[in-house]
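A short write-up of the structure that comes next.
Values reported hereafter were calculated over all heavy atoms of this structure, with side chains retained and with hydrogens, waters and symmetry mates removed.
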Amino acid sequence: MDAITKARALAREAQQLLYDGKCTVYEYKKTRNTVTHETTSEEIPVHINIPCRLSFNSSPATDKTQTVDTLSQNIKLFISPDIIIKAGSKIDVKQNNNTTVYKNSGQPAIYATHQEINLELYREHP
């Protein structure tokens with residue numbers, strides 16, 4: 001193993017030590033009902049209990065109203081680069097004893113040590 005490969009492996013290991021959450025990734029699959037002949041989308045879990053980490057960053061919104069300034073929250077999922085997550089997937093993340101559902105808002109940025117996926121809040125579990 002050359003020095004660069006070894007350094008990347010150590011950096012990836014260090015990154016994954018920070019993962020304090022678990023996520024389940026769902027993709028949507030079209031299914032056709034043989035009785036009604038209707039086509040619907042069904043959520044199919046494709047990755048279950050995968051180690052991950054959420055990162056939150058708030059920034060002032062550029063759109064101000066006359067009475068209230070709003071904040072925009074950026075939510076980013078850090079996960080292994082080996083996990084394939086398609087844009088548009090639904091992702092349940094359990095971190096800090098709280099499970100929240102997110103929708104994937106775009107393509108993942110994949111690096112040698114991890115991948116980063118910007119998420120949007122979908123809804124919270126009751």
Side-chain angles (χ1 to χ4, degrees):
M1 184 182 295
D2 68 0
I4 292 175
T5 304
K6 187 174 181 178
R8 284 185 180 147
L10 290 171
R12 182 174 176 170
E13 186 178 320
Q15 175 77 27
Q16 292 177 347
L17 287 173
L18 299 174
Y19 294 170
D20 56 355
K22 298 271 185 176
C23 70
T24 299
V25 179
Y26 299 87
E27 291 179 3
Y28 295 94
K29 178 183 174 187
K30 290 187 178 190
T31 57
R32 184 169 170 91
N33 185 314
T34 57
V35 176
T36 64
H37 303 288
E38 290 181 330
T39 300
T40 58
S41 291
E42 183 179 345
E43 290 179 3
I44 307 295
V46 291
H47 304 291
I48 300 171
N49 289 326
I50 304 299
C52 64
R53 179 178 180 84
L54 286 175
S55 173
F56 301 91
N57 180 20
S58 296
S59 59
T62 57
D63 184 27
K64 292 185 178 184
T65 64
Q66 292 180 1
T67 57
V68 179
D69 289 340
T70 58
L71 289 178
S72 173
Q73 185 176 51
N74 301 313
I75 305 165
K76 194 173 286 190
L77 179 73
F78 289 79
I79 194 165
S80 167
D82 299 330
I83 305 299
I84 297 172
I85 299 177
K86 295 179 181 177
S89 297
K90 182 179 126 182
I91 303 172
D92 291 358
V93 180
K94 182 173 185 177
Q95 183 172 294
N96 301 322
N97 294 319
N98 185 34
T99 300
T100 308
V101 181
Y102 298 94
K103 56 184 174 180
N104 177 274
S105 62
Q107 294 293 331
I110 301 175
Y111 304 98
T113 57
H114 67 286
Q115 65 178 304
E116 300 175 12
I117 302 170
N118 290 319
L119 301 175
E120 293 178 31
L121 185 62
Y122 183 72
R123 64 179 168 86
E124 291 189 24
H125 279 292

Quiz item: Passes side chain to side chain contact (heavy atoms under 4.5 Å, CB included), K76 versus N57? Steps please.
Solution: CA-CA 8 Å; K76 194 173 286 190; N57 180 20; over 6 Å; no
Exercise. Show the numbers, then the answer: is there a side chain to side chain contact (heavy atoms under 4.5 Å, CB included) between N33 and T40?
Key: CA-CA 8 Å; N33 185 314; T40 58; over 6 Å; no
Quiz item: Do S80 and D82 pass the side chain to side chain contact (heavy atoms under 4.5 Å, CB included) test, and can you show the C-alpha distance, the side-chain angles, and the key distance before you say yes or no?
Solution: CA-CA 5 Å; S80 167; D82 299 330; 3.5 Å; yes
Exercise. Applying side chain to side chain contact (heavy atoms under 4.5 Å, CB included), run through N118 and N74 and close with a yes or a no.
Key: CA-CA 7 Å; N118 290 319; N74 301 313; 5.8 Å; no
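Of the inter-residue distances, the one linking Y28 atom OH with K90 atom NZ reads 5.5 Å to the nearest 0.5 angstrom. With values rounded to the nearest 0.5 angstrom, H114 atom NE2 is found 11.0 Å from R12 atom CZ. Within the model, atoms OH of Y19 and CD1 of I50 stand 11.0 Å from one another, a figure rounded to the nearest 0.5 Å. Rounded to the nearest 0.5 Å, atoms CD1 (I84) and NE2 (H47) are 6.5 Å apart. The CD1 atom of I44 lies 9.5 Å from the CD atom of E27; values are rounded to the nearest 0.5 Å. One finds the NZ atom of K22 at 14.5 Å from the CG atom of D92 (value rounded to the nearest 0.5 Å).
Of all heavy-atom pairs spanning Q115 and I117, the tightest one is OE1-CD1, 3.9 Å. Minimum heavy-atom separation, Q15 to T113: CG-O, 4.1 Å.
Neither I110 nor I85 shares a network with the other; the hydrophobic side chains, linked directly or stepwise wherever heavy atoms of I, L, V, M, F, W or Y lie under 4.5 Å apart, form separate groups for each. Residues Y26 and I83 do not share a hydrophobic cluster, clusters being chains of Ile/Leu/Val/Met/Phe/Trp/Tyr side chains in contact below 4.5 Å. Linking ILVMFWY side-chain heavy atoms closer than 4.5 Å, directly or via other members, places F56 and L77 in a single hydrophobic cluster. One hydrophobic cluster holds both V93 and L121 under the rule that ILVMFWY side chains link at heavy-atom gaps under 4.5 Å. Hydrophobic clustering keeps F78 apart from V25 (ILVMFWY residues linked when any side-chain heavy atoms are closer than 4.5 Å, directly or through intermediates).
The backbone N or O of L54 lies less than 3.5 Å from a partner atom in the side chain of Q95, making a donor-acceptor pair. In this structure a side-chain-to-backbone donor-acceptor pair under 3.5 Å is missing from R53 to D20. Within the 3.5 Å criterion, the main-chain N or O of A112 finds no donor-acceptor partner in the side chain of R8.
Residue L17 places its CG atom among more than 12 non-hydrogen atoms of other residues, nucleotides or ligands, all under 6.0 Å distant.
Side-chain contact between S41 and K29 is absent, with no heavy-atom pair separated by less than 4.5 Å.
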